[in-house]
Asker: 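Mind having a look at this structure? Questions to follow.
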Amino acid sequence: MLTVKFIEENIDYVIERLAVKRFKGEEIIDNIIDLDKKRRQIQNQNDNIQASLNTIAKEVGLLFKAGKTAEADAAKLKTAQLKDESKQLTTEQEETEQKLKALLLQVPNIPHISVPSGNGADDNLLVRSGGKMPTLASDAVPHWDLAKKYDIIDFELGNKLTGAGFPVYIGKGSKLQRALINFFLDEGEKSGYKEYMVPLMVNEDSGYGTGQLPDKEGQMYHATLDNLYLIPTAEVPVTNIWRDVIVNASELPIKATAYTPCFRREAGSYGKDVRGLNRLHQFDKVEVVQIQHPTKSYETLEEMVNHVENLVKKLELPYRIVKLCGGDMGFTSALTYDFEVYAAAQQRWLEVSSVSNFESFQANRLKLRYKDDADKKPNLAHTLNGSALALPRIVAALLENNQTPNGIIIPEILRPYTRFDVID
RNA sequence: GGAGAAAUGGCAGAGUGGUCGAUUGCGGCAGUCUUGAAAACUGUUGAACCUUUGCGGGUUCCAGGGGUUCGAAUCCCUUUUUCUCCGCCA
């Protein structure tokens, strides 16, 4: 959520940059500014009334103490009308604030100045690529066939237990999951991230804090009986640790990592996109989150990109990093880099990580602030996060790219974790 | 799930209807003393919003929400959480 203050001070810039995200801002921005003006007016009036009520209450107290009951009773009478007025103004103020908030929630984050305009994936900028493209035998098959051949992932069984998109990992398939999770967490620790294990269900407040609610409500599984949501990413519980928190500037950056399963309803997905491990309702992911001082958040974004790049390099996967254009970016992000790895049998690039700087957009919703010695007032911090990494598509690429007549070769770096070299 | 008790500032802990945004202690910050540090002493120490060029002034906030009252941290209702006992249980 942008702050009204920022919008008011940068109207033209806001409208211009929102257009990069294909968001038409003129009307809504006008309304926001009007509502805020109204809000201030009402509060001003109401504050004055409250102040006189407080004065009268004090007077009445003093009169009673002095034994002047008649005068006290007279003073009491004056309050009735003021209270009515105040009540009405309070209602009006609450309504105005609600409307204002509803509008603010509709405005996406401003894309960073370096973000190009564009409509979709085709307009993204290639930043760099790396890794070696594998050359596969002519009889190479996609990962869903390999999963069946070596009996390491059973999609039909998941179907029976739960439904489509909930695979069962078996034997070495299961061990490979564990190995990847531990490898990613260990790498995170080496880069200075503190490990957290967090609840997989969150309440409404947390959903609002990171921006899943209200706009992406349909994408989360909702346990209505207790009004809890299954997390779509560890970002939600981890970032919400710092909801309503004022941290000392000297504690920044705060670096946190967590492994969690992620649950996504993925309403509206279909076709070859959802084949095999390409898109699941439940998947495993290690997430990294940083809270940083506003002047340093873009350095931090680069640092996080390097961390993720290091992971895919160590796994010896062919990868590319793209900077998302305005049209392809998320609602809450100011700048996003996507990581894709190449799955050679499908001959497709699969997105495995998204690393974003949200600047103060999430922090404003979270009321996550830092306090500087130089500055008396707390300021909004910047939040960043990235997948490091999401497992299923990494597994898909590993299986497809490393397939040989003798089985699937495990990358060197993972072998201490899997304690086997080959899936056969 | 049942019965009872509780929730106050960064922490501990007073306050049971009137000048209480809240005594006090610890912690934090600044100063005095000291070559420096510690100790001691002195001062200071929350957030949001409105208003003011500024100094300042005002409003709200004592777990959340609602109510009673001229006036609520204090009384009432309700939700949540914590603790104790009972029940169930990995």
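In this text the structure is predicted, and so the values were computed from the model without any measurement. Letters A, B, ... mirror the listed sequences (proteins, then strands); counts begin at 1.
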Asker: Work out how far the P atom of B:U44 is from that of B:A6, and round it to whole angstrom.
Answerer: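 The same atom, P, in both gives a distance of 35 Å.
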Asker: Taking the six-membered ring for Trp, are the ring centroids of A:F358 and A:H382 within less than 6.0 Å of each other?
Answerer: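 Centroid distance A:F358-A:H382: not below 6.0 Å, so no.
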Asker: Hunt down the Watson-Crick or G-U wobble partner of B:A12, both distances under 3.5 Å, from any strand shown, or write none.
Answerer: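 Partner of B:A12: B:U24.
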Asker: Which value, in whole Å, describes the distance between the C1' atoms of nucleotides B:C11 and B:A5?
Answerer: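 After rounding to an integer number of Å, I get 23 Å for this pair.
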Asker: Just say parallel, tilted or perpendicular for the rings of A:H112 and A:Y298, cut-offs at 30° and 60°.
Answerer: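 The rings of A:H112 and A:Y298 sit tilted, inter-plane angle from 30° to 60°.
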Asker: When the C1' atoms of B:U68 and B:C76 are considered, how many whole Å apart are they?
Answerer: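 Pairwise C1' distance, B:U68 against B:C76, rounds to 7 Å.
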Asker: Need one value for A:K83: base, sugar-phosphate or nothing, where a base atom within 4.0 Å counts as base even if backbone is also close, heavy atoms only.
Answerer: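 It contacts sugar-phosphate atoms only.
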Asker: Identify the nucleotide, in any strand shown, that forms a Watson-Crick or G-U wobble pair with B:U19, with both distances under 3.5 Å; if there is none, say none.
Answerer: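 Looking at the geometry, B:U19 pairs with no nucleotide.
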Asker: Heavy atoms from C-beta onward define the side chain here; which of B:A47, B:G58, B:A48 lies closest to that of A:Q43?
Answerer: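 Comparing B:A47, B:G58, B:A48 against the side chain of A:Q43, the answer is B:G58.
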Asker: Say we look at B:A14 and B:C29: how far apart would their P atoms be, to the nearest angstrom?
Answerer: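 These two P atoms come out 27 Å apart once rounded.
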Asker: Nearest whole Å is fine: how far is B:G21 P from A:Q50 CD?
Answerer: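 Value for this atom pair: 14 Å.
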Asker: Looking at B:C49, B:A47, B:C70, which one has an atom nearest to any side-chain atom of A:I246?
Answerer: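 Closest nucleotide among those given: B:A47.
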Asker: Just to be sure I understand the rule, does A:N54 reach a base, reach only the sugar-phosphate, or reach nothing, if contact means heavy atoms closer than 4.0 Å?
Answerer: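 A:N54: backbone/sugar contact only, no base atoms under 4.0 Å.
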Asker: Under a 3.5 Å cut-off for both contacts, is B:U68 paired Watson-Crick or G-U wobble with anything, and if yes, with which nucleotide?
Answerer: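 WC or wobble partner does not exist here.
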Asker: OP1 or OP2 of B:C50 versus the side-chain N and O atoms of A:Q41: is any pair under 4.0 Å?
Answerer: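 Checking A:Q41 against B:C50: no side-chain N or O falls below 4.0 Å of OP1 or OP2.
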Asker: What integer number of Å spans the C1' atoms of B:A73 and B:U19?
Answerer: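 Result for the C1' pair: 16 Å, nearest Å.
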Asker: On a whole-Å scale, what distance lies between the P atoms belonging to B:U52 and B:A47?
Answerer: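 Each nucleotide's P atom is 22 Å from the other's.
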Asker: Distance check needed: B:C50 P versus A:E97 CD, whole Å only.
Answerer: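 Roughly 10 Å, once rounded to whole Å.
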Asker: Tell which nucleotide pairs with B:A3, taking only Watson-Crick or G-U wobble pairs whose two distances are both under 3.5 angstrom.
Answerer: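 B:U84 - that is the nucleotide pairing with B:A3, both distances being under 3.5 Å.
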Asker: What's the closest nucleotide to the side chain of A:R369 if the choices are B:C50, B:A48, B:G18?
Answerer: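 Of all the options, the side chain of A:R369 is nearest to B:A48.
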Asker: If pairing requires Watson-Crick or G-U wobble contacts with both distances under 3.5 Å, which nucleotide is the partner of B:A90?
Answerer: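 Checking every strand shown, B:A90 finds no partner, since no pair has both distances under 3.5 Å.
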Asker: Looking across every strand, which nucleic acid part, if any, lies under 4.0 Å from A:K371 by heavy atom: base, sugar-phosphate, or nothing?
Answerer: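 Sugar-phosphate contact only - A:K371 comes under 4.0 Å of backbone atoms but never of a base.
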Asker: Within the 4.0 Å heavy-atom criterion, would you say A:K377 contacts the bases, only the backbone, or no part of the nucleic acid?
Answerer: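 Sugar-phosphate, no base atom in range.
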Asker: Check the orientation of A:Y196 and A:W242. Use parallel for under 30°, tilted for 30 to 60°, and perpendicular for over 60°.
Answerer: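 Aromatic pair A:Y196/A:W242 classed perpendicular.
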Asker: Would A:R40 and A:D36 pass as an ion pair if we require N to O under 4.0 Å?
Answerer: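 Salt bridge between A:R40 and A:D36, a charged N being under 4.0 Å from a carboxylate O: yes.
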Asker: Could you tell me the separation between the CG atom of A:L82 and the P atom of B:G71, rounded to a whole number of Å?
Answerer: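 My rounded result for the distance is 11 Å.
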Asker: May I ask you to decide if A:E359's main-chain N or O and A:N357's side chain share a donor-acceptor pair within less than 3.5 Å?
Answerer: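 Judged by distance alone, yes, a pair lies under 3.5 Å.
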Asker: Could you tell me whether A:L77 contacts a base, only the sugar-phosphate backbone, or nothing, with contacts defined as non-hydrogen atoms closer than 4.0 Å?
Answerer: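 Answer is nothing: A:L77 stays at 4.0 Å or more from every strand.
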Asker: Using Watson-Crick or G-U wobble geometry with both distances below 3.5 Å, tell me the partner of B:G31, or none.
Answerer: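 Across all strands, the one nucleotide that pairs with B:G31 is B:C41.
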Asker: So which nucleotide from B:G18, B:A48, B:U59 ends up closest to the side chain of A:A57?
Answerer: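 For the A:A57 side chain, the nearest candidate turns out to be B:G18.
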Asker: Ignoring the backbone of A:A51, work out which of B:G58, B:G18, B:U51 is nearest its side chain.
Answerer: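 Closest nucleotide to the A:A51 side chain: B:G58.
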Asker: Taking only the P atom of each, what is the distance from B:G13 to B:U80 in whole angstrom?
Answerer: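 One P to the other, the span is 26 Å.
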Asker: Could you tell me which nucleotide pairs with B:C61 by Watson-Crick or G-U wobble geometry, both distances under 3.5 Å, or answer none if nothing does?
Answerer: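 Its partner is B:G46.
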Asker: Here's a test of your reading of the structure: between A:N46 and A:E94, which maps to the more 5' nucleotide of RNA chain B?
Answerer: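 Between the two, 5'-proximity favours A:N46.
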Asker: Would you mind telling me which residue lines up with the more 5' stretch of RNA chain B, A:T55 or A:N44, judged by nearest nucleotide?
Answerer: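 Result: A:N44.
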Asker: Name the closest nucleotide to the A:R40 side chain, picking from B:G18, B:U59, B:C50.
Answerer: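 It is B:C50.
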Asker: Please state how far atom CG in A:L53 lies from atom C1' in B:U69, giving the value in whole angstrom units.
Answerer: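 Whole-Å distance recorded here is 12 Å.
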Asker: Please state how far atom CZ in A:F64 lies from atom P in B:G17, giving the value in whole angstrom units.
Answerer: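 The answer, rounded to whole Å, is 16 Å.
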Asker: Would A:E412 and A:R415 count as a salt bridge (Lys or Arg N to Asp or Glu O under 4.0 Å) if you check the C-alpha gap in whole Å, the side-chain angles of each, and the deciding distance to 0.1 Å?
Answerer: CA-CA 6 Å; A:E412 203 84 49; A:R415 291 181 192 173; 3.6 Å; yes
Asker: Any donor-acceptor pair under 3.5 Å linking the side chain of A:N203 with the backbone of A:S206?
Answerer: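 At least one qualifying donor-acceptor pair exists.
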Asker: For B:U74, give the paired nucleotide (Watson-Crick: N1-N3 plus N6-O4 or O6-N4; G-U: N1-O2 and O6-N3; both under 3.5 Å), or none.
Answerer: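 No nucleotide pairs with B:U74.
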Asker: Between B:G31 and B:G18, how many Å separate the two P atoms, rounded to a whole number?
Answerer: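 Looking at atom P only, B:G31 and B:G18 are 41 Å apart.
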Asker: Output yes when A:D372 and A:K377 qualify as a salt bridge under the 4.0 Å nitrogen-oxygen rule, no when they do not.
Answerer: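 No, A:D372 and A:K377 are not salt-bridged.
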Asker: For the side chain of A:K58, counting heavy atoms from C-beta on, which of B:U19, B:C70, B:U59 is nearest?
Answerer: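 In terms of side-chain proximity for A:K58, the closest of B:U19, B:C70, B:U59 is B:U19.
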